[in-house]
Amino acid sequence: MAKQRKEKREKRKGEVTYSAESYSFFENVWDVARLVPKGRITSYGAIARYLGTGRSARMVGWAMNAVDKVTPKVPAHRVVNSQGLLTGKHHFKTPTLMQELLEKEKIKVKDDQVVDFKTLFWDPMKELG
DNA sequence: AGTATGACTCATT
DNA sequence: AAATGAGCCATAC
């Protein structure tokens with residue numbers, strides 16, 4: 001029994017097996033995240049709102065937590081919180097990776113906060129809808 | 001099965 | 001202007 005459970009777990013890790021609803025939700029989150037242009041950023045809440053789930057920004061965070069398990073890759077580093085703060089940096093391979101990736105795209109970061117956040121902000125509602 | 005926990009956000013104080 | 005509380009809802013334990 002324990003073995004079965006373990007196998008189930010492994011499978012889960014490798015694939016994306018959520019309930020039908022959350023499955024599409026996660027997929028949508030990733031899709032939107034992938035649409036964020038290089039050198040721009042967006043926020044969890046913006047994605048949530050674009051998907052119509054309004055206040056479930058936390059779930060967007062959960063979706064980001066799962067980007068390891070999914071392809072093509074999702075530029076999770078381009079998703080920050082509503083203030084432009086790099087709140088998710090501890091979930092990257094190294095705590096500094098997120099900032100490094102951003103700086104690679106000419107996005108300046110100071111004290112874990114994106115400089116010119118307002119200017120660089122990419123709103124899916126505006127850009128897509 | 002119920003509680004705790006977030007890569008969040010908004011309103012209120 | 002900074003701190004606090006409440007809403008959010010899928011996972012983890």
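Residue numbering restarts at 1 for every chain, and letters A, B, ... go by the order of the sequence lines. Computed from heavy atoms alone, side chains included, the values below leave out hydrogens, waters and symmetry copies. Keep in mind the model is a prediction, meaning the values are calculated, not measured.
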Residues 107-114 of chain A, side-chain donor-acceptor partners within the protein, below 3.5 Å, at least two apart:
residue: A:Asp112; atom: OD1; partner: A:Lys89; partner atom: NZ; Å: 2.9
residue: A:Asp112; atom: OD2; partner: A:Lys89; partner atom: NZ; Å: 3.1

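- The shortest heavy-atom contact between A:Thr42 and A:Trp122 is OG1-O, 2.8 Å.
- Using a 4.5 Å cut-off on side-chain heavy atoms (C-beta onward), A:Leu102 and A:Ile41 make contact.
- For residues 33-56 of chain A, the pairs satisfying salt bridge (Lys or Arg N to Asp or Glu O under 4.0 Å) are A:Asp31-A:Arg34, with sequence neighbours left out.
- The ring pair (Phe, Tyr, Trp, His ring centres under 6.0 Å) search around A:Phe121 returns A:Phe117, not counting sequence neighbours.
- Within residues 85-94 of chain A, the residues approaching DNA chain B are A:Thr87, A:Gly88, A:His91, A:Phe92, by heavy-atom distance under 4.0 Å.
- Of the residues in residues 55-63 of chain A, those placing a heavy atom less than 4.0 Å from an atom of DNA chain B are A:Ala57, A:Arg58, A:Met59, A:Gly61, A:Trp62, in numerical order.
- Applying the side chain to side chain donor-acceptor pair (under 3.5 Å) test to residues at least two apart or on different chains, the pairs with a partner in residues 96-105 of chain A are A:His77-A:Glu105, A:Arg78-A:Glu105, A:Thr94-A:Thr96, A:Thr96-A:Glu100, A:Gln99-A:Glu103.
- Applying a 4.0 Å cut-off to non-hydrogen atoms, none of the residues of residues 117-128 of chain A approaches DNA chain B.
- Proximity of residues 34-45 of chain A to DNA chain B (heavy atom under 4.0 angstrom from any strand atom) is restricted to A:Ser43, A:Tyr44, A:Gly45.
- Contact footprint of chain A on DNA chain B: nucleotides with an atom under 4.0 Å from a non-hydrogen protein atom, first to last in 5' to 3' order, B:dG6 to B:dC10.
- In this structure, A:Leu51 places its CG atom 15 Å from C1' of C:dC8, rounding to the nearest Å.
- Cluster annotation: A:Ile47 and A:Met125 are assigned to the same hydrophobic cluster (Ile/Leu/Val/Met/Phe/Trp/Tyr, side-chain heavy-atom contacts under 4.5 Å, transitive).
- For the pair A:Asn81 (side chain) and A:Gly84 (backbone), a donor-acceptor distance under 3.5 Å is present.
- Hydrophobic cluster membership differs between A:Leu97 and A:Val36, with clusters built from Ile, Leu, Val, Met, Phe, Trp and Tyr side chains linked at under 4.5 angstrom.
- What you find for A:Ala66 and A:Phe26 is that their closest heavy atoms are CB-CE2, 4.4 Å.
- At a threshold of 4.5 Å between non-hydrogen side-chain atoms, the residues A:Leu35 and A:Pro124 do not count as touching.
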May I have the list of side-chain donor-acceptor pairs in residues 56-65 of chain A shorter than 3.5 Å, sequence neighbours left out?
residue: A:Ser56; atom: OG; partner: A:Thr53; partner atom: O; Å: 3.2
residue: A:Ser56; atom: OG; partner: A:Thr53; partner atom: OG1; Å: 2.8

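- Applying the side chain to side chain donor-acceptor pair (under 3.5 Å) test to A:Thr87 and every residue at least two apart in sequence or in another chain returns nothing.
- Under the 4.5 Å side-chain contact rule for hydrophobic residues, A:Leu86 and A:Tyr44 do not share a cluster.
- Scanning all heavy atoms of the two residues, the minimum distance from A:Val74 to A:Ala33 falls at CG1-CB, 3.5 Å.
- Smallest separation of non-hydrogen atoms from A:Phe92 and A:Gly88: CD1-O, 3.3 Å.
- A heavy-atom distance below 4.0 Å to DNA chain B is reached by these residues of residues 76-83 of chain A, ordered by number: A:Ala76, A:Asn81, A:Ser82.
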